[in-house]
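The structure appears right after this line, and notes come after that.
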2 protein chains.
Amino acid sequence: MKLLPSGLVNSRSRQMTPGRRPATDHAAIERVAFRLFAERGFEETTVDAIAEAVGIARRTLFRYYPSKNDIPWGQFDAGLVHLREFLEATPLDVPVYQAVHRAVLDFNHLDEAAIPQHRQRMRLLLTTPALQAHSVLKYAAWRRVIAEYVAGRYGLSANDLLPRTAGYVSLGMALSAYEQWLDSEDASLPQLLDSALAGLRRYL
Amino acid sequence: MKLLPSGLVNSRSRQMTPGRRPATDHAAIERVAFRLFAERGFEETTVDAIAEAVGIARRTLFRYYPSKNDIPWGQFDAGLVHLREFLEATPLDVPVYQAVHRAVLDFNHLDEAAIPQHRQRMRLLLTTPALQAHSVLKYAAWRRVIAEYVAGRYGLSANDLLPRTAGYVSLGMALSAYEQWLDSEDASLPQLLDSALAGLRRYL
DNA sequence: CGCAGTTACGGCACCAAGTGCAACAAATAT
DNA sequence: ATATTTGTTGCACTTGGTGCCGTAACTGCG
């Protein structure tokens, strides 16, 4: 069962690079994997099944993704670069916590069309125990970006207490907003992020 | 966290209970496991090695702990019961965020003598990737206790945005305080927890 | 004492994730 | 053609974890 939807993966269009062409790409693997996860669930889908459905060897799949848990995360790591850039482009007269909040909003901005798929991905990530566990390692890098920005604004080290706390707290607000977003259809993600921040400021 | 309760594990003292005596107990396993973790590191210590050192079968070890990752967590789950009780015993005229803060302080209170061992345990938990990942699942229950209390005080559901956020934020403050505590010898945990809260209030 | 009932141990087979290695396939460059 | 480069694949092996079932050890009773 071979699904090779991506049109030019194996195209013979001129390539200056020598060596064998890749047999697939991350996008194709993700598509197939998400279909299987939706059908049978994450834990019930073995790596062998994914590899077979993609049409590559199991060993090859582990070249594209370091672990099964990494498959659903997509372009998360690439988004961190953007997050950092956004923060650094923020004017210095914006209060630190607001600068961070705006960056979080930007990081989680979605085009209308992308919402259903993002919902599916986030539902998978936030409700599958193995993926929840794996998320810590992903989020650590995210928190680090926040901590470094806060540290820079206050002239501190990213390892100091306040920057670290800011990283954790920003992440906490984002995650509780996401949980809420998955629970109820009606609210929008930006609204929920705003509410989380406003609620927290009142709470403290 | 009690580390040496046994001594009469296999004692012939009168037992009303029928059936074979357990061959060991959690405390003994923990002692051996921590020794091996300290010697070789967590990932490098196989379950077989732990079982052999304890003197039980691998299969038996998995009866005492559902996974290798659960071994270093000790009495964490039992502590949650106490956390809940502490919160419920807090007078209602204490502001919610302060009530939570006091409970967090209490939860992390340590006797002077227990500090070095707790440090070792926390260092293991917070610096080993596999254990960091596993921690999410443990912390979810902790956050839930906080969220339920906050929800109760505000007449909300524990699934509402503010209680969830409070759970995440409390956890975040505790974790950044712990990271700081492990980094620097001089500060005390309660001081760091206070500083985290004070810093956050100024930040927001 | 012998036997039933109960509780825990332990061996075995098996599954899934992940890794190291070496052979092999496909592409380009000379 | 052939060397070089890059990617794929099969295989053996390690580790954590589970289901099943027989056996060991203990209590209580006739």
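Computed from heavy atoms alone, side chains included, the values below leave out hydrogens, waters and symmetry copies. Reminder, nothing fancy here: chain letters follow the sequence lines and each chain counts from 1.
Distance CE (Met16(A)) to C1' (dA26(C)): 18 Å, rounded to an integer number of Å. Atom pair Leu61(B):CG and dT15(D):C1' shows a separation of 14 Å (rounding to whole Å applied). Between the CD atom of Glu52(B) and the P atom of dG16(D) there is a distance of 14 Å, given to the nearest Å. At whole-Å resolution of the value, CD in Glu43(A) and P in dT18(D) are 11 Å apart. Rounded to an integer number of Å, the gap from Arg20(A) CZ to dA26(C) C1' is 6 Å. If you measure from atom CZ of Arg63(A) to atom P of dC21(C), you get 13 Å, rounded to the nearest angstrom. dG17(D) atom P lies 6 Å from atom CG of Asn69(B), rounded to whole Å. Taking atom CG of Asp48(A) as the reference point, atom C1' of dC14(C) lies 14 Å away to the nearest angstrom.
The phosphate of dG10(C) (OP1 or OP2) has a side-chain N or O of Thr60(B) nearer than 4.0 angstrom. Using a 4.0 Å cut-off, no side-chain N or O of Tyr64(B) falls inside it from OP1 or OP2 of dA8(C).
You'll find that the side chain of Ala57(A) is closest to dG10(D), out of dT28(C), dA22(C), dG10(D). Distances from the side chain of Ile56(B) to the nucleotides dA17(C), dG10(C), dG17(D) place dG10(C) closest. Checked against dC21(D), dT27(D), dG17(D), the side chain of Arg21(B) finds its nearest nucleotide in dT27(D). Here dA17(C) is the nucleotide among dC9(C), dG28(D), dA17(C) with the atom lying nearest to any side-chain atom of Phe62(A). Closest to the side chain of Pro18(B), from the set dC9(C), dA27(C), dG5(C), is dG5(C). Distance from the side chain of Pro22(A) is smallest for dT8(D) among the nucleotides dC9(C), dT8(D), dG16(D). Of the candidates dT6(D), dG17(D), dC21(D), dG17(D) carries the atom nearest the Ser67(B) side chain, counting heavy atoms from C-beta on.
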Take Tyr178(B) and Trp181(B) through the ring pair (Phe, Tyr, Trp, His ring centres under 6.0 Å) test and state the conclusion after the steps. CA-CA 5 Å; Tyr178(B) 262 109; Trp181(B) 186 60; 5.7 Å; yes
Does the pair Phe76(A) and Trp73(A) meet the rule for a ring pair (Phe, Tyr, Trp, His ring centres under 6.0 Å), with working shown? CA-CA 6 Å; Phe76(A) 184 84; Trp73(A) 280 91; 5.1 Å; yes
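For Arg59(A) against dG18(C), no side-chain N or O and base N or O form a donor-acceptor pair under 3.5 Å. Judged by distance alone with a 3.5 Å cut-off, a donor-acceptor contact links the side chain of Arg58(B) to the base of dG16(D).
For Glu148(A) and Arg84(A), the salt-bridge test passes: some basic side-chain N is under 4.0 Å from an acidic carboxylate O. Taking a cutoff of 4.0 Å between a charged side-chain nitrogen and a carboxylate oxygen, Asp183(B) and Arg164(A) qualify as a salt bridge. With respect to the salt-bridge test (charged N to carboxylate O, under 4.0 angstrom), the residues Glu43(B) and Lys68(B) do not qualify. Classification of Arg121(A) and Glu30(A) as a salt-bridged pair holds, one side-chain N sitting under 4.0 Å from a carboxylate O.
Among the protein residues, Thr46(A) comes within range of the sugar-phosphate backbone only, with heavy atoms under 4.0 Å from sugar or phosphate atoms but none that close to a base. Across all strands, Tyr65(A) comes closer than 4.0 Å to no nucleic acid atom at all (heavy-atom distances).
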